[in-house]
There are 2 protein chains.
Amino acid sequence: MTGTALDTALAYYHAWTGHDFDRAMTYIAEDVVCDAPAGRMEGAAAFRDFMGPFTQIVVDTTLISAFGDDKTALLMYDTKTLPVGSAPGAEHLTVRDGVITHVRIIFDRLPFDAARKASEVDAR
Amino acid sequence: MTGTALDTALAYYHAWTGHDFDRAMTYIAEDVVCDAPAGRMEGAAAFRDFMGPFTQIVVDTTLISAFGDDKTALLMYDTKTLPVGSAPGAEHLTVRDGVITHVRIIFDRLPFDAARKASEVDAR
């Protein structure tokens, strides 16, 4: 039994928001495809390089909404991060055999871009 | 009968993506509260000023996912717009008596910001 797509999506969500990113990655397929604001990533290693650093700057998270059916789940959450006070995100997850095979993630890159530029100015 | 929150959310979505924004606004409560990347808007007039111009630059839309329960709905969609080729968004909608009372919308402002800056350079 692998449960529903929503079960898998929430297990993944609770793992990474609970600062257990290694456990979160156990829900990600080796051949995962992730469509993020900056473009497409293919494979678990690329996905880890994308999400891992983000999970390390997350201070707090709130699940706003979560739905799913047999094959897909849709989540929206807010995060508080070190550089950005409120950085909400939404994820559409496709699940096969208990692992996530596709992630479409939406978030606003603008405040992260602004924080990065401000830190570069500070560093001068 | 007002139907489910998802019915209202989809009626709103199909109206604005079908370029009938006036009809879309009939699903929006007078006292709507909208949390968008740039901050909070209160009231239907402010919401119209925010969403109206966006709907005019939308060339095409694709509904990626839509779920809901009695009171809320969660949508994810992709849009093709004049300045930005792929501008996906996600909306969490709260519905009361057949109208939308709260919208939480997530999208990436960065490509719109870049397009605006590029057009300012072009205009010089």
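Just so we're on the same page: letters track the sequence lines, and every chain starts at 1.
Residue pairs meeting the ring pair (Phe, Tyr, Trp, His ring centres under 6.0 Å) criterion with at least one partner in residues 27-47 of chain A, sequence neighbours excluded, do not occur; the list is empty.
Under the 4.5 Å side-chain heavy-atom criterion for Ile, Leu, Val, Met, Phe, Trp and Tyr, B:Ile64 and A:Val95 are members of distinct hydrophobic clusters. Clustering ILVMFWY residues whenever any of their side-chain heavy atoms sit less than 4.5 angstrom apart, transitively, puts A:Tyr12 in a cluster other than the one holding A:Val99. Both B:Val32 and B:Trp16 are members of a single hydrophobic cluster when ILVMFWY side chains are connected at heavy-atom separations under 4.5 Å. By the rule that hydrophobic residues join a cluster once side-chain heavy atoms approach within less than 4.5 Å of another member, A:Val33 and A:Val103 end up as members of separate clusters.
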A:Phe67 vs B:Thr72, side-chain contact (heavy atoms from CB on, under 4.5 Å): CA-CA, chis, key distance, verdict: CA-CA 11 Å; A:Phe67 288 102; B:Thr72 68; 3.8 Å; yes

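Atoms CG and CE, from B:Leu74 and A:Met76 in turn, are 5.5 Å apart once rounded to the nearest 0.5 Å. Separation of atoms CG (A:Asp113) and CZ (B:Arg109) is listed at 10.5 Å; rounding is to 0.5 Å. A distance of 11.5 Å separates CG of A:Leu110 from CZ of B:Phe112, quoted to the nearest 0.5 Å.
Top candidate by heavy-atom pairs under 4.5 Å with chain A, chosen from B:Ala114, B:Ala87, B:Ala66, B:Gly68, is B:Gly68.
Contacts of A:Asp69 with chain B are made by both backbone and side-chain atoms, with heavy-atom separations under 4.5 Å.
Among residues two or more places apart in sequence or in another chain, the side chain to side chain donor-acceptor pair (under 3.5 Å) test is passed with A:Arg104 by none.
B:Asp108 contributes no side-chain N or O that, together with a main-chain N or O of A:Pro37, makes up a donor-acceptor pair within less than 3.5 Å.
Here the shortest heavy-atom pairing between A:Ile106 and B:Phe107 reads CG2-CA, 3.9 Å.
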